[in-house]
J.: 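Below: one structure in structure tokens.
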Protein chains: 2
Amino acid sequence: MKPRSNPDFFNGVPELLILQLISEGEKYGYELVRLIRLRSKEQFSLGEGSIYPILHSLAETGELSTREAVTEGRRRQYYRITAKGRRKLASMLAQWQSVTQAVTSTLAPSHV
Amino acid sequence: MKPRSNPDFFNGVPELLILQLISEGEKYGYELVRLIRLRSKEQFSLGEGSIYPILHSLAETGELSTREAVTEGRRRQYYRITAKGRRKLASMLAQWQSVTQAVTSTLAPSHV
DNA sequence: TTGCATACCTCATGGTTCTAGGTATGCTTG
DNA sequence: CAAGCATACCTAGAACCATGAGGTATGCAA
């Protein structure tokens, strides 16, 4: 068995976190890698191999727009959220709420 | 894109639900299929193709014990939770709590 | 005897994440 | 100025998981 760097119950969470963070302001990939570690207080650690494919796929489907820029002497791909992306984020947040609530209530049903 | 019968954020949830329900008392597979629909108030619907493989794998790794019985004229495979299974359930519950909490706090960090 | 619900099972598919690699550049320090 | 490290990008392949679709068998009711 191999050690897993992230816990279970993780399906869809990387995409949710990425959309949320970018919705707060333009970000680039490498920045997200560090930001997610920071903001989750080291609970999550998404590597570049997790982040970049998600960014590409969100850009391709129009949830993110992208621009290339050179800042602080560094070539970077900046991502910004689109209207479509905001709709997707809202729907994912709603789903997250609904799933966690349903799991909780299934684990300890009120009618017992 | 194909329609998904269950929402995202579902990784590990089937296993968690199964362990929890069996921890409350011996169950058989087909029973779990209906019970999960009921207990989740139709929010989740796990088919037999999701349930049975999990039961087999939990039995193989010793988290569940199994016995065959004929009840109400029906041949059934009953599953019971073992000590190892209880430990696994406890650890999954802890992980569930920790992940949901970490996601929530990452989405809306307190130090902003 | 036909059909439906119960009850079991497995295989192939598709989607997601991770590991492990790779490239290139800027900055610092000996 | 060379070496090493951090930054910054990228992809391929493996591993894992849940699902749909299919298959078998039996009991019971119409």
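Below, chain A is the first sequence line, B the second, and so on; all start at residue 1. Quantities reported herein were computed from a predicted structural model and do not represent experimental measurements.
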J.: Over how many whole Å does the gap from A/Ile54 atom CD1 to C/dG15 atom P extend?
T.: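 Interatomic distance, CD1 of A/Ile54 to P of C/dG15: 15 Å.
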J.: What integer distance in Å separates A/Tyr78:OH from D/dT7:C1'?
T.: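 These atoms are roughly 12 Å apart.
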J.: Looking at A/Lys41 and A/Arg39, would you say the former's side chain and the latter's main chain have a donor-acceptor pair under 3.5 Å?
T.: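 Absent.
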J.: Starting from C1' on C/dA5, measure out to CD on B/Glu31 and report it in whole angstrom.
T.: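 Roughly 15 Å, once rounded to whole Å.
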J.: Do the side-chain N or O atoms of B/Tyr30 get closer than 4.0 angstrom to the phosphate oxygens (OP1, OP2) of C/dT6?
T.: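 It does, given that an N or O in the side chain of B/Tyr30 lies less than 4.0 Å from OP1 or OP2 of C/dT6.
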J.: Among the nucleotides D/dT19, C/dC8, D/dA8, which one has an atom lying closest to any side-chain atom of B/Leu46?
T.: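 So the side chain of B/Leu46 is nearest to D/dT19.
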J.: Work out which heavy atom in A/Leu19 is nearest to a heavy atom in A/Gly85; give both atom names and the distance.
T.: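 Closest heavy-atom pair between A/Leu19 and A/Gly85: CD2-O, 4.2 Å.
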J.: Among C/dT17, D/dC10, D/dA18, which nucleotide sits nearest the side chain of A/Tyr79?
T.: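 So the side chain of A/Tyr79 is nearest to D/dC10.
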J.: So what does B/Gly29 hit on the nucleic acid, given a heavy-atom distance under 4.0 Å: a base, only sugar-phosphate, or nothing?
T.: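 The residue B/Gly29 makes sugar-phosphate contact but no base contact.
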J.: Side-chain N or O of B/Tyr52 versus OP1/OP2 of C/dC8: is the shortest distance under 4.0 Å?
T.: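 So the side chain of B/Tyr52 is within the cut-off, an N or O lying under 4.0 Å from OP1 or OP2 of C/dC8.
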J.: For B/Tyr79, does its backbone N or O pair with a side-chain atom of B/Thr66 as donor and acceptor, under 3.5 Å?
T.: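 Such a contact is absent between B/Thr66 side chain and B/Tyr79 backbone.
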J.: Expressed in angstrom and rounded to an integer, what is the separation of B/Arg75 atom CZ from D/dT24 atom P?
T.: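 Taking CZ of B/Arg75 and P of D/dT24, I get 16 Å after rounding.
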J.: Below 4.0 angstrom from OP1 or OP2 of D/dC9, is there any side-chain N or O of A/Tyr28?
T.: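 Checking A/Tyr28 against D/dC9: no side-chain N or O falls below 4.0 Å of OP1 or OP2.
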J.: So, is B/His56 near the phosphate of C/dC8, with a side-chain N or O under 4.0 Å from OP1 or OP2?
T.: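 So the side-chain polar atoms of B/His56 never come under 4.0 Å of the phosphate oxygens OP1 or OP2 of C/dC8.
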J.: Using a 4.0 Å heavy-atom cut-off, does B/Gly49 contact any base of the nucleic acid, only the sugar-phosphate backbone, or nothing at all?
T.: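 Counting heavy atoms under 4.0 Å across all strands, the contact made by B/Gly49 includes a base.
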J.: Side-chain N or O of A/Arg34 less than 4.0 angstrom from OP1 or OP2 on D/dT7?
T.: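 For D/dT7, OP1 or OP2 has a side-chain N or O of A/Arg34 closer than 4.0 Å.
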J.: Could you work out which one of C/dT16, C/dA7, D/dA18 sits closest to the side chain of B/Arg76?
T.: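 Given the options C/dT16, C/dA7, D/dA18, the side chain of B/Arg76 is closest to C/dA7.
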J.: In whole angstrom, give the distance that lies between atom CG of A/Leu17 and atom P of C/dT16.
T.: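 After rounding, the gap between these two atoms is 15 Å.
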J.: Tell me: CD of A/Glu60 to C1' of D/dC10, nearest whole Å?
T.: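 Atom-to-atom, A/Glu60 to D/dC10, this comes out as 15 Å.
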J.: I need the CG-P distance between B/Asn11 and D/dC16, as an integer number of Å.
T.: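 After rounding, the gap between these two atoms is 12 Å.
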J.: Taking OP1 and OP2 of D/dA6, is either one under 4.0 Å from a side-chain nitrogen or oxygen of A/Arg74?
T.: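 Answer is no, no contact under 4.0 Å.
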J.: On DNA chain D, nearest-nucleotide positions of B/Ile51 versus A/Glu48: which is more 5'?
T.: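 Looking at the nearest nucleotide for each, A/Glu48 comes out on the 5' side.
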J.: Is it the case that A/Thr71 and A/Tyr28 place a side-chain donor and acceptor less than 3.5 Å from each other?
T.: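 On atom types as modelled, these side chains do not qualify, holding no pair under 3.5 Å.
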J.: Just how far, in rounded Å, is P of C/dT17 from CD1 of A/Ile36?
T.: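 For the pair A/Ile36 CD1 and C/dT17 P, the rounded distance is 11 Å.
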J.: Has B/Thr82 got a side-chain atom pairing as donor or acceptor with B/Glu63's backbone, closer than 3.5 angstrom?
T.: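 Looks like yes, one N/O pair under 3.5 Å.
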